[in-house]
Amino acid sequence: MSKVVSMRQAIAEHVHDGDVVVVEGFTHLICFAAAHEIIRQKRRDLTLCRLTPDVIYDQMIAAGCASKLVFSWAGNPGAGSLHAFRRAVESRPPALEIEEYSHFGMVARFSAGAAGLPFWPLRDYQGTDLPTANPRIRSVTCPYTGDTLATVPALYPDVTIVHAQRADADGNTQVWGLLGVQKEAAFAARRVIVVVEELVDAAVIRADPNRTIIPGMIVQAVVVEPFGAHPSYAQGYYDRDNDFYVAWEATSRSAARLQAYLDEWVHGVADRAEYLRRQPDLRGRLAVKPAWSGEVSYG
Amino acid sequence: MSKVVSMRQAIAEHVHDGDVVVVEGFTHLICFAAAHEIIRQKRRDLTLCRLTPDVIYDQMIAAGCASKLVFSWAGNPGAGSLHAFRRAVESRPPALEIEEYSHFGMVARFSAGAAGLPFWPLRDYQGTDLPTANPRIRSVTCPYTGDTLATVPALYPDVTIVHAQRADADGNTQVWGLLGVQKEAAFAARRVIVVVEELVDAAVIRADPNRTIIPGMIVQAVVVEPFGAHPSYAQGYYDRDNDFYVAWEATSRSAARLQAYLDEWVHGVADRAEYLRRQPDLRGRLAVKPAWSGEVSYG
Amino acid sequence: MDRGREDGGGEDEKTRGREDEGYSAGEMMAVAASRELRDGEVVFVGIGLPNLACNLALATHAPGLVLIYESGAVGAQPKRLPVSIGDPALVTGSLMVCGMADVFQFFLQNGRIEVGFLGGAQVDRLGNINTTVIGDYAAPAIRLPGSGGAAEIAIHARRTMIVARLSPRAFPERVDFITSPGHRARGGTRRELGIPGAGPTRVITDMGILEANGESGELELAALYPGATADGVRAAVGWDLRVRESWDTVLPPTAAELQLLRHQLDPDHRYL
Amino acid sequence: MDRGREDGGGEDEKTRGREDEGYSAGEMMAVAASRELRDGEVVFVGIGLPNLACNLALATHAPGLVLIYESGAVGAQPKRLPVSIGDPALVTGSLMVCGMADVFQFFLQNGRIEVGFLGGAQVDRLGNINTTVIGDYAAPAIRLPGSGGAAEIAIHARRTMIVARLSPRAFPERVDFITSPGHRARGGTRRELGIPGAGPTRVITDMGILEANGESGELELAALYPGATADGVRAAVGWDLRVRESWDTVLPPTAAELQLLRHQLDPDHRYL
């Protein structure tokens with residue numbers, strides 16, 4: 001049966017106060033539509049995990065959803081700082097608990113969770129202050145060479161939200177372009193919400209099974225939300241809104257302006273459809289020229 | 001510059017006596033053309049590694065190329081036994097050294113090699129006799145939970161030979177259909193030979209970069225060998241020759257018949273082109289109907 | 001792979017079953033195995049009888065069954081009977097194809113597989129399976145294919161089903177080599193060994209169904225096929241098989257089940 | 001990501017360089033960095049000046065350079081200047097796109113990356129880099145973005161190049177926090193710590209190039225840009241910078257290099 005529900009319903013059913021929440025996507029396919037609905041539904045005490053908190057978690061932190069952040073790079077790509085994050089961490093005492101890794105460490109945590117292993121080994125952190133800052137970075141000895149290797153613990157999100165180009169009604173999900181850790185974050189999670197630009201017939205998925213990164217069997221809900229990743233992007237559908245990211249530097253620098261933004265663009269709209277209606281220029285401004293992949297045969 | 005060479009040249013330059021050799025492909029894309037050239041060039045003392053030795057290694061064992069076999073399932077899929085392998089292992093003393101894992105163990109060994117880690121942890125082998133039979137299966141203790149996990153050592157082939165549907169002249173290689181451990185086996189290797197059904201312009205690769213599983217930067221040689229996987233198959237190009245696999249049961253049961261097969265079809269032909277000329281019915285018998293993937297846009 | 005074929009040793013499936021009633025032992029086994037599958041379950045499929053059983057269940061009472069092959073094909077809809085676990089027919093039109101590192105780590109080790117099928121040259125009293133060697137490992141009388149994915153399937157699938165034909169040789173008191181752990185294996189019970197899955201709860205044979213005892217883990221006669229007798233089964237097992245006070249009688253294949261098996265799933269009688 | 005932008009703190013690149021000669025410090029830095037790259041090398045690229053340097057090298061003396069971005073794009077041919085390391089322009093027309101688990105394990109940890117670019121708010125005497133905090137970690141005066149991929153790039157790239165603008169604050173005797181290990185880091189030398197890569201061999205600044213001493217690993221003045229003086233560089237570094245007996249003078253940007261930077265690679269002067 002179909003797993004297609006509204007964003008409101010998906011968040012209400014699958015995201016709870018106190019959850020460990022992952023809305024992944026490395027620059028590409030970051031599901032702002034889900035974050036805004038989580039803010040509207042006033043979720044609290046969340047542990048937010050991402051390699052790059054990005055503007056999406058800066059907004060959730062400013063909205064008061066988060067009590068803890070697990071991350072590896074907290075900047076605004078190409079534009080500056082995440083000021084809500086900085087205000088929280090630079091205040092006395094800090095208003096946000098943090099648990100910090102490097103990108104490889106976060107990737108390894110998701111890999112361990114997806115593989116059902118309690119830890120993941122990696123050659124990393126020698127000579128750095130990161131293991132001192134984060135005692136969850138530990139080590140094992142190789143039973144063959146005697147080498148000491150760093151370890152990170154598995155990350156098991158209560159819920160992972162993945163934005164994708166397309167899926168069928170059962171949640172079989174296809175992504176192209178940058179893959180980030182979307183697959184690992186989904187397989188590591190107890191519950192998975194897939195948000196797509198397009199709902200397609202299973203026949204479209206079955207025509208190219210190598211493009212499927214998430215099988216329906218691990219998906220609880222499918223939400224159809226075109227432009228749901230804006231100001232992030234969806235390869236082949238719309239471009240990244242770099243102007244928005246650049247403007248965020250000024251917006252987030254002032255707590256008041258940031259709240260005004262949330263009031264107008266998150267609390268002030270019912271859903272993503274209204275968010276888009278209020279920005280009629282968006283589709284035109286971020287339109288992309290098609291660049292076709294060509295076809296292969298599975299005969 | 002182009003890395004395209006003949007199979008004869010690729011094997012002569014990159015496969016040496018005593019090497020650890022991997023010709024991977026899980027049922028799909030098993031490069032018999034490379035194995036036959038290795039037999040013709042009389043390589044000796046090879047350590048052959050594959051999950052499934054399959055008919056390809058049964059032939060190399062019968063031809064005297066191998067001194068050791070590293071594997072996880074030594075049967076003839078759907079048809080019976082690998083009799084050259086059995087004769088070698090059942091003789092007194094055994095004529096072939098073996099190192100045995102399960103499929104997961106072999107996959108983990110390739111993953112460790114590809115990741116540049118000395119070992120890979122997995123939850124496996126509890127209660128089995130495999131660690132007794134193979135002391136290279138060891139264990140580590142999780143630094144977080146205290147759990148004991150099995151480990152296998154990294155596998156670093158001297159040379160990995162991967163058959164694929166297509167690549168450009170620099171070795172950027174695309175595969176669809178079953179992927180097996182082709183990517184891991186290539187990244188784990190010191191030298192990589194890619195054998196393809198079709199040489200394509202880089203523009204074809206660049207049109208669909210998510211299909212690329214092996215980057216040219218790790219490839220030493222590209223060989224263009226249509227039908228080079230027969231009696232294995234290439235999705236979208238030709239079907240698996242199940243009749244050949246079934247017939248191998250009777251062929252390999254008799255050492256004499258097996259040698260006669262090698263004399264006629266390996267030593268008796270100069271190259272894969274002649275092997276195909278002598279079987280004019282093959283293309284017709286194994287032809288497949290196209291089943292197109294559809295296109296996506298990378299715009 | 002192909003555990004479905006690696007079961008019966010020299011057994012001839014035509015020697016059992018009810019030719020008089022118009023079906024073979026292989027057909028009864030495929031039907032009995034298919035009836036064990038519940039709609040919506042995620043099944044790690046082998047070739048041969050298990051594959052027939054899964055596709056029969058798909059076509060009858062379990063349309064929502066998800067078939068996963070260790071070769072990486074998920075949600076396959078094979079248009080012909082796959083001869084190997086890597087058959088191209090398992091890929092064309094499947095829902096997902098992934099590498100084997102994902103199959104074993106993200107699906108199997110992560111506990112996503114509910115049912116796994118296993119077979120073997122030897123199955124012992126405690127459900128341990130041997131697909132490695134007959135005789136001594138270092139100097140085997142018969143070298144079998146080995147584990148393939150069987151060891152990890154036996155460990156991680158939430159439950160496993162063994163499909164094997166009965167004979168004293170195939171069902172010894174103790175296997176020569178433990179390839180796949182049963183209910184009490186090398187070093188202790190599954191719980192003591194920290195094995196997540198429940199193990200081989202049911203053994204589908206050519207005369208009836210054996211089931212593991214809840215406490216001891218020992219295989220016991222739980223159900224008989226039409227025409228089979230408890231004494232017949234006991235005579236075909238290499239240990240003193242415990243027979244339950246009351247056992248079920250398995251209903252024979254229905255006309256619809258036989259129709260599907262013979263004319264749709266295995267028209268060339270490759271496995272039946 | 002985006003290490004290229006996280007370097008200069010409050011520095012204004014227009015305050016240095018040779019406006020009189022018609023090029024900026026940023027342009028000189030991009031040119032100097034591009035000249036460090038050899039044809040055929042595999043480079044882990046950051047955004048900003050490193051990206052400009054790599055694409056300049058591609059367009060001039062190193063057409064065989066392979067660019068890898070930690071976002072998973074390999075062999076990118078961006079048709080526009082990427083604003084972020086995950087820019088869609090890095091994907092369209094690239095040779096390969098893979099997941100980040102592959103980027104960090106199969107490419108970086110496996111030793112396939114020859115050159116890595118790093119920047120940072122603080123670079124110290126021994127080449128250690130801080131991109132984490134100014135002040136105490138638990139109660140930071142300034143919270144910086146953190147490692148991103150910098151820690152593992154500093155450890156695994158065969159050699160790294162630091163691109164940073166000089167100031168006593170940006171080049172202290174010791175960094176407040178070691179995010180990326182230099183030649184002698186927490187606990188010892190790279191060799192003692194079992195770090196595979198050679199570390200930051202060259203530091204491209206806005207006045208000249210610093211190079212690590214072969215024995216001590218200490219950064220020394222190795223080359224000056226036209227118009228810059230050793231005393232000027234020493235005054236802009238927070239420790240007693242050692243100046244080599246003889247140093248190179250870097251040739252100014254050629255007309256061709258400036259032409260490419262201004263009209264092709266960064267026409268909007270986003271980074272220059």
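Chain A is the first sequence line, chain B the second, and so forth, proteins listed ahead of strands; every chain is numbered from 1.
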Any side-chain heavy-atom pair of [X] and [Y] under 4.5 Å:
{"X": "C/Pro181", "Y": "B/Gln126", "answer": "no"}
{"X": "C/Val97", "Y": "B/Trp176", "answer": "no"}
{"X": "C/Gln105", "Y": "B/Leu122", "answer": "no"}
{"X": "C/Asp87", "Y": "B/Asn242", "answer": "yes"}

Between the main-chain N or O of [Y] and the side-chain N or O of [X], is there a donor-acceptor pair closer than 3.5 Å?
{"X": "C/His156", "Y": "B/Arg123", "answer": "yes"}
{"X": "B/Glu90", "Y": "C/Pro140", "answer": "no"}
{"X": "B/Asp129", "Y": "C/Ile178", "answer": "yes"}

Supply the atom-to-atom distance [X] [atom1] to [Y] [atom2], rounded to the nearest 0.5 angstrom.
{"X": "C/Ser147", "Y": "B/Tyr101", "atom1": "OG", "atom2": "OH", "answer": "13.5 Å"}
{"X": "C/Thr132", "Y": "B/Trp73", "atom1": "OG1", "atom2": "CH2", "answer": "12.5 Å"}
{"X": "B/Thr27", "Y": "C/Tyr69", "atom1": "OG1", "atom2": "OH", "answer": "12.5 Å"}
{"X": "C/Ser71", "Y": "B/His28", "atom1": "OG", "atom2": "NE2", "answer": "11.0 Å"}
{"X": "B/Glu100", "Y": "C/Arg143", "atom1": "CD", "atom2": "CZ", "answer": "4.0 Å"}
{"X": "C/Met100", "Y": "B/Leu179", "atom1": "CE", "atom2": "CG", "answer": "10.5 Å"}

Which heavy atom of [X] sits nearest a heavy atom of [Y], and at what distance?
{"X": "C/Ala151", "Y": "B/Ser102", "answer": "CB-CB, 4.3 Å"}
{"X": "C/Ala185", "Y": "B/Gly127", "answer": "CB-O, 3.3 Å"}
{"X": "B/Tyr233", "Y": "C/Gly86", "answer": "OH-O, 2.6 Å"}
{"X": "B/Thr128", "Y": "C/Arg186", "answer": "O-CB, 4.1 Å"}

In terms of heavy-atom proximity below 4.5 Å to chain B, should [X] be classed as side chain, backbone, both, or neither?
{"X": "C/Ile155", "answer": "side chain"}
{"X": "C/Ala141", "answer": "backbone"}
{"X": "C/Ile129", "answer": "neither"}
{"X": "C/Phe177", "answer": "both"}
{"X": "C/Gln109", "answer": "side chain"}
{"X": "C/Ala154", "answer": "neither"}

Just so I understand: if I count every heavy-atom pair under 4.5 Å between each of [options] and chain B, which residue has the most?
{"options": "C/Thr92, C/Ile142, C/Asn128", "value": "C/Ile142"}
{"options": "C/Gly99, C/Gly182, C/Ser180, C/Gly72", "value": "C/Gly99"}
{"options": "C/Cys98, C/Pro88, C/Gly187, C/Ala73", "value": "C/Pro88"}

query = Can you say whether the rings of C/Phe104 and B/Phe104 are parallel (under 30°), tilted (30 to 60°) or perpendicular (over 60°)?
reply =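 The rings of C/Phe104 and B/Phe104 lie parallel, inter-plane angle below 30°.
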inquiry  = Within the supplied structure, the quantity of interest is the number of heavy atoms (other residues, nucleotides, ligands) at a distance under 6.0 Å from B/Lys68 NZ; does it exceed 12?
reply    =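 Counting other residues, nucleotides and ligands, NZ of B/Lys68 exceeds 12 neighbours.
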ask   = Counting only heavy atoms not in C/Arg80, do more than 12 fall under 6.0 Å of its CZ?
value =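 Buried by this count: over 12 neighbours within 6.0 Å.
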So for [X], is it side chain, backbone, both, or neither that comes closer than 4.5 Å to the heavy atoms of chain C?
{"X": "B/Phe71", "value": "side chain"}
{"X": "B/Asp124", "value": "both"}
{"X": "B/Arg92", "value": "side chain"}
{"X": "B/Phe85", "value": "side chain"}
{"X": "B/Leu51", "value": "side chain"}
{"X": "B/Ile98", "value": "side chain"}

For chain C, find which of [options] contributes the most heavy-atom pairs closer than 4.5 angstrom.
{"options": "B/Ala291, B/Gly180, B/Ser111, B/Gly236", "result": "B/Gly180"}
{"options": "B/Val246, B/Leu82, B/Val107, B/Ile213", "result": "B/Val107"}
{"options": "B/Val288, B/Asp239, B/Thr132, B/Asp147", "result": "B/Asp239"}

